[in-house]
Amino acid sequence: MILHEYGLLAVSSVFLVSCGTKNDSRTSNINGGKLANSQILNWTESSTLATADLAKATDTLSFNVLLNTQEGLYRLDKSGVPRNALATKTKISDNGKVYTFNLRKDAEWSNGQKVTAKDFVYSWRRIVNPKTASQDAFYLYQVKNAQEVNSGKKSLDTLGIKAIGNYKLQVTLTKPVSYFKKLLAWPLFFPTNQKAVEKFGSKYGTQAKYTVSDGPFKLTKWTGTNKKWTLVKNNKYWDKKNVHLKKINELVTESTTTSYDLYQGKKVDETLLSGQQVKNNLNNKNFVKRLPTATTRLDLNQNQVAAFKNLNIRRAISLAINRTALTNKVLEDGSVPLKGFVPSGMGNNPKTKEAFSSETYVKKSVSYNLKEAKALLKKGYKETGTKNLKFTIVTADTDSSRQAVEYLQSALDALPNVSVEVSTIPFVQLLAKQKAGNYQATIKTWQSVFADPINFLDVYESNSSYNNSGWENEKYDKLLDEAENVYGNSPMKRWNKLVEAEKLLMEEQGTIPLYQVAKSQLLRSNVKNVVYNPAGVPYDWKSAYIAR
């Protein structure tokens with residue numbers, strides 16, 4: 001779920017990368033791409049780093065850092081195909097439930113220890129251990145006994161993963177999972193160094209000095225709260241000869257005005273753009289725009305505001321939002337209105353090839369209609385005995401988040417006796433509030449780990465650790481259970497169950513979709529080719545890691 005909330009990061013962004021650097025002389029021709037002498041990249045981020053612990057990460061930035069500092073069995077190539085990383089050979093049983101991996105013997109942690117099969121066993125057990133309280137533990141539920149271990153019903157040693165010597169790993173699943181290899185390329189499934197966790201205890205992953213790496217880079221200069229940190233080349237990395245980038249300096253700039261000024265002054269190599277900045281740079285040769293599978297939504301917490309339990313009130317709020325105006329006149333960054341919770345790019349009907357987002361479109365749930373919204377609200381007020389509705393929307397303190405929430409405040413204030421307040425807070429604080437369900441309403445963003453509708457839909461299962469808004473539906477749970485556990489090997493039947501679940505979620509307004517987030521990026525040739533994955537496919541240090 002990079003994310004995710006690989007994907008709690010509510011940022012609509014466009015990237016602009018400088019063509020020039022202080023030293024732009026080129027050396028080395030690799031796969032047709034010449035590299036600059038100075039292999040230092042200066043990058044900006046819109047939020048602070050939340051964690052460097054893969055068991056605790058839930059946001060896109062944390063996963064990006066983990067993807068650059070850690071390594072798992074596979075990495076995704078530029079086309080999203082899993083390629084061998086720490087795995088050198090994989091054998092899958094005839095029933096699709098048992099995976100046996102041979103591991104490379106030359107991989108090391110930055111502390112000098114060998115990376116072994118036991119590191120995977122330790123890591124996965126740590127994630128599903130109830131004491132760890134990992135929000136993403138349910139992703140391992142495909143592994144035998146993972147759910148029972150996570151709920152405290154079985155011991156850690158019953159988890160379906162075991163080391164066969166130092167360099168062979170065996171995983172047993174509860175059922176065949178067609179996308180399992182893609183999951184294994186995600187940080188949650190990476191190994192963890194037991195010695196480091198035991199040495200640092202609760203501090204592990206909270207600062208750079210409390211981390212170790214087995215990936216291309218090491219995290220440095222991060223204190224846990226500061227707005228600057230650096231990724232430096234990890235000389236212990238087994239494939240270091242193909243990592244050409246020496247250093248990535250990261251700087252947090254919540255405002256695109258600040259980052260744009262830094263970019264113009266040649267202090268950074270990239271900047272986020274928003275609104276008028278996007279318009280001003282549409283013809284700039286350094287400007288590129290893309291639409292990843294990140295969706296931004298409004299969640300109404302039924303546990304905090306009783307009126308939100310009423311369907312007509314939830315529908316009224318949704319219909320009062322003009323998503324086209326929000327994306328085209330407020331954000332102005334290429335983001336597009338959502339047709340439902342699941343965005344475009346999440347697969348096509350096995351028979352008709354129709355896109356999931358089109359087949360599941362419930363127009364009445366996401367179309368602007370203020371007159372109908374007022375009528376529904378009046379009906380909801382009568383059903384609940386409510387005379388007025390006051391609530392606060394909390395979101396991140398980034399430019400795009402502020403723009404979005406200010407628009408929502410204005411749109412919803414147009415409803416009778418509705419008063420909306422806004423609270424913008426630092427992103428890391430927002431994550432904590434959302435995880436605890438400590439909000440009345442909040443803006444969330446979700447980004448996929450793999451291209452399948454289930455990666456979005458399972459967010460709203462009753463037992464999902466991310467479902468803290470109070471919406472639950474037994475029929476919805478049953479549909480997803482049937483899709484994954486009954487019809488997992490019947491593509492068309494599985495598809496139909498997922499379609500039905502998405503339509504139910506939208507008809508019930510379990511969440512209120514807003515827009516699919518635009519993200520664009522332009523990289524100089526010497527940036528694009530500085531890092532190579534183990535399969536020999538070139539990718540830049542960041543965009544290939546988050547491409548979906």
Side-chain angles (χ1 to χ4, degrees), residues 9-24 36 38 40-49 59-61 64-65 226-231 245 247-292 294 296 326-336 395-407 424-428 430 443 445 515-528 530 540-543 546:
L9 183 58
V11 176
S12 298
S13 58
V14 175
F15 294 89
L16 191 67
V17 177
S18 172
C19 277
T21 60
K22 293 180 180 178
N23 185 350
D24 200 35
S38 178
I40 297 176
L41 183 64
N42 297 303
W43 206 262
T44 65
E45 298 290 355
S46 61
S47 65
T48 53
L49 180 60
D59 66 289
T60 301
L61 176 56
N64 282 340
V65 169
N226 61 327
K227 295 186 177 183
K228 290 184 180 180
W229 62 86
T230 300
L231 301 181
L245 197 59
K247 184 185 296 184
I248 304 157
N249 296 315
E250 297 258 30
L251 174 66
V252 176
T253 57
E254 289 92 348
S255 170
T256 58
T257 301
T258 301
S259 61
Y260 188 72
D261 288 345
L262 290 170
Y263 169 80
Q264 295 286 68
K266 300 185 184 299
K267 300 292 180 64
V268 297
D269 298 312
E270 163 271 339
T271 180
L272 292 168
L273 300 176
S274 60
Q276 189 61 43
Q277 293 173 341
V278 176
K279 292 181 179 180
N280 292 344
N281 286 281
L282 288 175
N283 296 321
N284 190 318
K285 63 181 181 180
N286 300 317
F287 177 84
V288 174
K289 185 171 65 180
R290 63 189 176 87
L291 197 66
T296 295
L326 172 59
T327 56
N328 295 354
K329 297 181 179 180
V330 178
L331 297 174
E332 300 181 294
D333 61 0
S335 295
V336 299
T395 190
D397 58 355
T398 61
D399 282 353
S400 58
S401 295
R402 282 195 177 98
Q403 290 174 331
V405 76
E406 286 170 2
Y407 166 78
T424 57
I425 59 177
F427 179 63
V428 174
L430 176 66
I443 295 177
T445 295
Y515 56 91
Q516 188 164 347
V517 181
K519 287 190 176 182
S520 297
Q521 195 167 26
L522 176 70
L523 299 175
R524 293 172 280 110
S525 60
N526 63 303
V527 175
K528 282 186 178 179
V530 292
D540 67 81
W541 79 274
K542 181 168 181 171
S543 68
I546 64 173

query = Can any side-chain N or O of Ser259 pair as donor or acceptor with the backbone N or O of Thr271 at less than 3.5 Å?
reply = no
inquiry  = What I'd like to find out is whether the side chain of Asn42 reaches to under 4.5 Å of the side chain of Leu251, using heavy atoms alone.
reply    = no
task = Over all heavy atoms of both residues, which pair between Ala518 and Ser335 is shortest? Give the atoms and the distance, please.
result = N-OG, 3.0 Å
inquiry  = To the nearest 0.5 Å, what is the distance between OG1 on Thr48 and NZ on Lys228?
reply    = 15.0 Å
inquiry  = Checking side-chain polar atoms at under 3.5 Å, does Asn280 have a donor or acceptor matched by the opposite partner on Gln276?
reply    = yes
Atom pair CG/OG of Leu430 and Ser47 - distance to nearest 0.5 Å = 10.0 Å
key: Side chain to side chain, Glu254 and Lys227, heavy atoms closer than 4.5 Å   = yes
note = In this structure, CG of Asp269 is separated from OH of Tyr263 (nearest 0.5 Å) by 9.0 Å
task = May I ask you to test the Arg402-Thr424 pair for a side-chain heavy-atom distance under 4.5 Å?
result = yes
Partner of Leu49 by side-chain contact (heavy atoms from CB on, under 4.5 Å), out of Leu61, Val252, Asp59 = Leu61
note = Contacts of Thr258 meeting side chain to side chain contact (heavy atoms under 4.5 Å, CB included) (sequence neighbours excluded), chain-then-number -> Thr253, Ser255, Leu262
ask   = Rounded to the nearest 0.5 Å, how far does CD of Glu250 lie from CH2 of Trp229?
value = 5.5 Å
message = Rounded at 0.5 Å granularity, tell me how far OG1 in Thr230 sits from CG in Leu41.
response = 11.0 Å
ask   = Between CG of Asp399 and CG of Asp333, what distance do you get to the nearest 0.5 Å?
value = 11.0 Å
